[in-house]
Amino acid sequence: MTQMWRHMTGAERILEVLLTRRSVSPRRLQQPGPNADELDGILQAGLRAPDHGGLHPWRVIEFRAQNREALAWCFEQEKLRRDPLASPSDLKRAREHATRPPLLLGFVVSPRERSKIPGREQWLCAGAALGNILAAAHQLGYGAIVLSGERCFDETLARQVGVQPGEYLAGFISVGTIKEAPPQARETLSQDVWSCWQGNDLAGPDTLPDQPILPSDRMPGS
């Protein structure tokens with residue numbers, strides 16, 4: 001996929017970097033994580049996401065090293081609420097989810113309910129911001145992943161980490177230096193997510209093309 005950009009520079013090289021982004025498990029991360037300036041840059045990238053109305057309907061919560069053991073206890077208790085018979089190894093894994101990542105952020109969606117901007121657009125903005133955050137971490141040379149799961153639906157945990165009524169804990173972002181490369185991404189063709197509208201409901205059958213238009217048939221710049 002990225003070989004087509006091998007002899008290009010500038011914008012094409014940036015695209016090549018984006019095409020190599022992969023989610024990296026916390027088990028494959030090590031210190032150091034981003035410093036304060038790098039974290040600020042990562043968040044600024046999130047703030048550059050499309051945002052109808054400029055609402056910024058999302059925020060992050062940083063869990064610093066001195067508070068990780070307290071967060072690990074919260075994760076352990078959440079696991080026990082969900083599974084009172086959880087094994088010691090299950091509880092250990094739950095705690096490690098809080099203590100292992102070099103940088104750990106909670107990603108919170110904060111829809112503005114009284115805004116004229118539809119809720120679904122605000123969620124799309126938050127998702128775009130999250131994508132920018134992950135891409136920015138990758139651009140800086142770090143590995144990153146966002147993990148959600150049942151933990152994010154636990155109201156007690158949400159309150160413990162500071163999620164307010166009307167907000168949603170979407171996931172936990174782990175960022176750090178890659179110590180072990182993740183498996184290669186499965187190749188996906190752009191045609192799997194691409195289509196071209198041909199005006200079937202507006203034009204008569206005599207005006208429709210005999211063959212569907214493929215991505216390779218598009219004119220440059222179209």
Side-chain angles (χ1 to χ4, degrees), residues 21-34 39 42-43 45-47 49 56-113 119-120 122-138 142-180 182-183 185:
R21 198 210 71 80
R22 291 282 290 113
S23 292
V24 183
S25 167
R27 298 190 305 274
R28 300 176 185 272
L29 299 177
Q30 63 182 359
Q31 296 285 356
L39 175 57
I42 288 170
L43 296 181
L47 289 168
H56 309 315
W58 59 274
R59 63 188 183 92
V60 299
I61 303 169
E62 182 181 0
F63 302 100
R64 294 186 172 176
Q66 62 267 31
N67 298 319
R68 293 291 191 89
E69 283 300 324
L71 182 64
W73 180 85
C74 293
F75 279 15
E76 182 182 68
Q77 294 304 304
E78 183 279 328
K79 180 65 176 178
L80 287 171
R81 285 192 295 275
R82 187 158 32 98
D83 181 8
L85 300 179
S87 68
S89 61
D90 289 336
L91 298 179
K92 181 175 181 290
R93 280 194 295 271
R95 294 183 63 87
E96 287 178 346
H97 288 163
T99 59
R100 187 191 297 271
L103 172 69
L104 184 63
L105 305 172
F107 189 84
V108 180
V109 180
S110 307
R112 314 304 187 208
E113 294 185 0
R120 64 182 182 181
Q122 297 187 46
W123 275 89
L124 286 170
C125 168
L130 179 57
N132 275 14
I133 287 171
L134 297 174
H138 176 68
Y142 294 104
I145 192 171
V146 57
L147 299 174
S148 54
E150 296 182 61
R151 176 180 296 130
C152 293
F153 295 92
D154 186 87
E155 294 183 2
T156 298
L157 177 63
R159 289 195 303 270
Q160 289 171 333
V161 300
V163 176
Q164 301 299 312
E167 294 185 324
Y168 303 88
L169 180 58
F172 292 89
I173 307 170
S174 299
V175 188
T177 299
I178 300 174
K179 67 177 179 180
E180 180 184 351

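Under 3.5 Å, the side chains of Gln30 and Thr177 contain no donor-acceptor pair of N or O atoms.
Using a 4.0 Å cut-off between a side-chain N of Lys or Arg and a carboxylate O of Asp or Glu, Glu180 and Arg27 do not qualify as a salt bridge.
Proximity of a side-chain donor or acceptor of Arg28 to a complementary backbone N or O of Gly143 within less than 3.5 Å is not detected. Between the side chain of Asn132 and the backbone N or O of Ala45, at least one donor-acceptor pair lies under 3.5 Å. Here the side chain of Arg112 pairs a donor or acceptor atom with the backbone of Ser110 at under 3.5 angstrom. Judged purely by atom type and a 3.5 angstrom limit, Arg82 has no side-chain atom pairing as donor or acceptor with the backbone of Gln77. No side-chain donor-acceptor contact under 3.5 Å links Glu113 to the backbone of Pro111.
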Checking side-chain contact (heavy atoms from CB on, under 4.5 Å) for the pair His56/Leu47: CA distance, chi angles, key distance, verdict?
CA-CA 7 Å; His56 309 315; Leu47 289 168; 3.8 Å; yes
Begin with the C-alpha distance, continue with both residues' side-chain angles, and end with the deciding distance and a verdict on side-chain contact (heavy atoms from CB on, under 4.5 Å) for Arg81 and Thr156.
CA-CA 10 Å; Arg81 285 192 295 275; Thr156 298; 3.7 Å; yes
Salt bridge (charged side-chain N to carboxylate O under 4.0 Å, His left out) evaluation trace for Glu76 with Lys92:
CA-CA 8 Å; Glu76 182 182 68; Lys92 181 175 181 290; over 6 Å; no
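No more than 12 heavy atoms of other residues, nucleotides or ligands lie within 6.0 Å of CD in Glu150, so this atom counts as exposed by the packing criterion.
Residues meeting the salt bridge (charged side-chain N to carboxylate O under 4.0 Å, His left out) test with Arg21, sequence neighbours left out: none. Residues satisfying the ring pair (Phe, Tyr, Trp, His ring centres under 6.0 Å) criterion with Phe107, sequence neighbours excluded, are Trp58.
Taking CD1 of Ile173 as the reference point, atom CD1 of Ile145 lies at 11.0 Å (rounded to 0.5 Å). Separation of atoms CG (Leu85) and CG (Leu80) is listed at 9.5 Å; rounding is to 0.5 Å. Interatomic distance, Leu39 CG to Glu62 CD, rounded to the nearest 0.5 Å: 5.5 Å. Atoms OG1 and CG, from Thr99 and Asn67 in turn, are 13.5 Å apart once rounded to the nearest 0.5 Å. Remark: Glu78 CD to Glu155 CD distance equals 12.0 Å, nearest 0.5 Å. We find the CG-CZ distance between Leu105 and Phe172 to be 10.5 Å, quoted to the nearest 0.5 Å.
Taking the side chain as every heavy atom from C-beta outward, Leu71 and Leu104 approach each other to under 4.5 Å. Side-chain contact between Cys74 and Val161 is absent, with no heavy-atom pair separated by less than 4.5 Å. Side-chain contact check for Tyr168 versus Val163: every heavy-atom pair is 4.5 Å or farther apart. Side-chain contact between Ser174 and Leu29 is present, with heavy atoms from C-beta onward closer than 4.5 Å.
What you find for Pro57 and Ala126 is that their closest heavy atoms are O-CB, 4.1 Å. Nearest heavy-atom pair, Lys79 versus Ala94, reported as atom, atom and distance to 0.1 Å: CB-CB, 4.2 Å. The shortest heavy-atom contact between Arg22 and Pro182 is CB-CG, 4.0 Å. Closest approach of Leu147 to Cys152, counting heavy atoms only: O-SG, 4.3 Å. Shortest non-hydrogen contact noted between Arg68 and Phe63 is NE-O, 2.8 Å. The heavy-atom pair separating Ala144 from Leu134 by the smallest distance is CB-CD2, 3.9 Å.
Cation-pi geometry between Arg151 and Phe75 is satisfied (NZ or CZ under 6.0 Å from the ring centre, within 45° of the ring normal).
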